[in-house]
Amino acid sequence: MTAKLINGKDLAASIRRQLAQRVQALVDRGHRPGLAVVLVGEDPASQVYVRNKIKACSDTGITSIEHRLPADTSQEALLELIARLNDDETVDGILVQLPVPDHINPERIIEAIDPLKDVDGFHPNNIGNLVIGREGFLPCTPYGVMKMIESTGYDLTGKHAVIVGRSNIVGKPQTLMLLAKNATVTVVHSRTRDLAAMTRQADVLVAAVGKAKLIGADMVKPGAMVLDVGINRDENGALCGDVDTEAVSRVAGWISPVPGGVGPMTIAMLLTNTVEAVERRLLK
Ligand code: GUN
C-alpha cells in the first residue's frame with residue numbers, strides 16, 4: 001500500500017488565497033490587518049520562521065510590524081513593548097516568537113498580550129476557551145492539523161486518535177481539538193511505556209515530539225492517517241519530521257510530508273487568526 005499525501009503546502013496556498021479576499025474586504029472598509037511580530041535574540045530556526053511569517057503576511061495583504069530585539073533585552077522592556085502593541089489600533093495580532101532567551105519568563109510575556117490580539121492562541125484565556133469549547137484563538141499548529149484532516153473528508157467521530165507529545169503549543173491543544181470532533185484521544189509521551197503498542201492502535205496518529213524519524217512503520221496501524229508535526233534534521237542534515245515518511249508511507253492510508261505538510265499550515269492559520277481578530281472587532 002502507498003499512503004495518500006496530505007499536501008499542506010497546496011492547502012495552505014488555497015487558504016491564503018481566500019484570506020487575501022477577506023483582507024481586501026477589510027481594506028475596503030478602511031482597515032488593513034496588521035500583525036506585530038516580535039523576535040528576541042538570534043535563534044537561527046526562529047529567524048527562519050519569522051521571515052516566513054512576514055513574507056506570508058505581505059503576500060496576503062496583511063501589514064507586518066517587525067520588532068527585532070537584541071538577546072539581552074530585559075523582560076521589563078519586552079513587557080513595555082507588548083503594552084504599547086496592545087494599545088496600538090493598527091496592530092490586530094501580536095506574536096512573540098518562542099523560545100525567548102533564558103532570562104525572560106515566557107509565561108509572563110504570553111499573559112501580557114491582549115487575549116483579543118493573541119493570534120498564537122497561547123494566552124491562558126484562549127487555552128481556557130478551547131478547554132470549554134468557547135470561541136477564542138486556536139494555537140496555529142494544531143489548528144492547521146485539524147484543517148488538514150478536514151481536507152481529506154475524514155470523519156473523526158468515534159475514531160481513536162493518538163497524539164505523541166504533550167507540549168502546550170501542540171500536544172495539549174491538539175487533544176482538545178480532536179475531542180471536540182468526537183475522537184477518542186490518547187496522549188503518549190516520553191514516559192509512556194511501550195509507545196509502539198499505543199501508536200499501533202491509532203486510526204489517526206499525530207507526531208509532535210521533535211525526534212527525527214521516531215515513528216517507524218512497525219508503529220503504525222495499516223491504513224491509519226499520520227500527521228507529522230516534527231521539523232528536525234536527519235543524520236545527513238536534511239529536513240525531516242518525527243515520522244520515517246518513506247517507511248510509514250507503505251503502511252499508512254494518509255500521510256503528511258515534511259517539508260510541505262504541517263509547516264505551511266501553521267503560517268496559514270496564523271494569518272487566519274489575524275484576519276479573524278479584525279473581523280471579530282469590526283464586523284461583530
Ligand atoms: N515557536 C515554535 N512554534 C511557535 C509558534 O507557533 N508561535 C510562536 N510564537 N513561537 C513558536
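Residue indices begin at 1 and follow the sequence shown. When a ligand or atom number is given, it counts from 1 through the structure's own listing order.
A donor-acceptor pair under 3.5 Å is formed between the side chain of Lys159 and the backbone N or O of Asp155. A distance-only check finds no donor-acceptor pair linking the side chain of Asn182 to the backbone of Thr157 [under 3.5 Å].
In this structure the side chain of Leu98 reaches within 4.5 angstrom of the side chain of Phe122, judged on heavy atoms. Proximity of Met269 to Pro142: side-chain heavy atoms (C-beta onward) are nowhere separated by under 4.5 Å. Arg233 is not listed as a side-chain neighbour of Cys240, based on a closest heavy-atom distance of 4.5 Å or more. The shortest side-chain heavy-atom distance between Ile149 and Leu178 falls under the 4.5 Å cut-off.
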Atom pairs, nitrogen or oxygen, ligand 1 to protein, under 3.5 angstrom:
| unit_1 | atom_1 | unit_2 | atom_2 | d |
| --- | --- | --- | --- | --- |
| ligand 1 | 1 (N) | Gln97 | NE2 | 3.3 |
| ligand 1 | 1 (N) | Leu98 | O | 3.0 |
| ligand 1 | 7 (N) | Asp120 | OD1 | 3.1 |
| ligand 1 | 7 (N) | Asp120 | OD2 | 3.3 |
| ligand 1 | 9 (N) | Val96 | O | 2.9 |
| ligand 1 | 9 (N) | Asp120 | OD2 | 2.6 |
| ligand 1 | 10 (N) | Gln97 | NE2 | 3.4 |
| ligand 1 | 10 (N) | Leu98 | N | 3.0 |

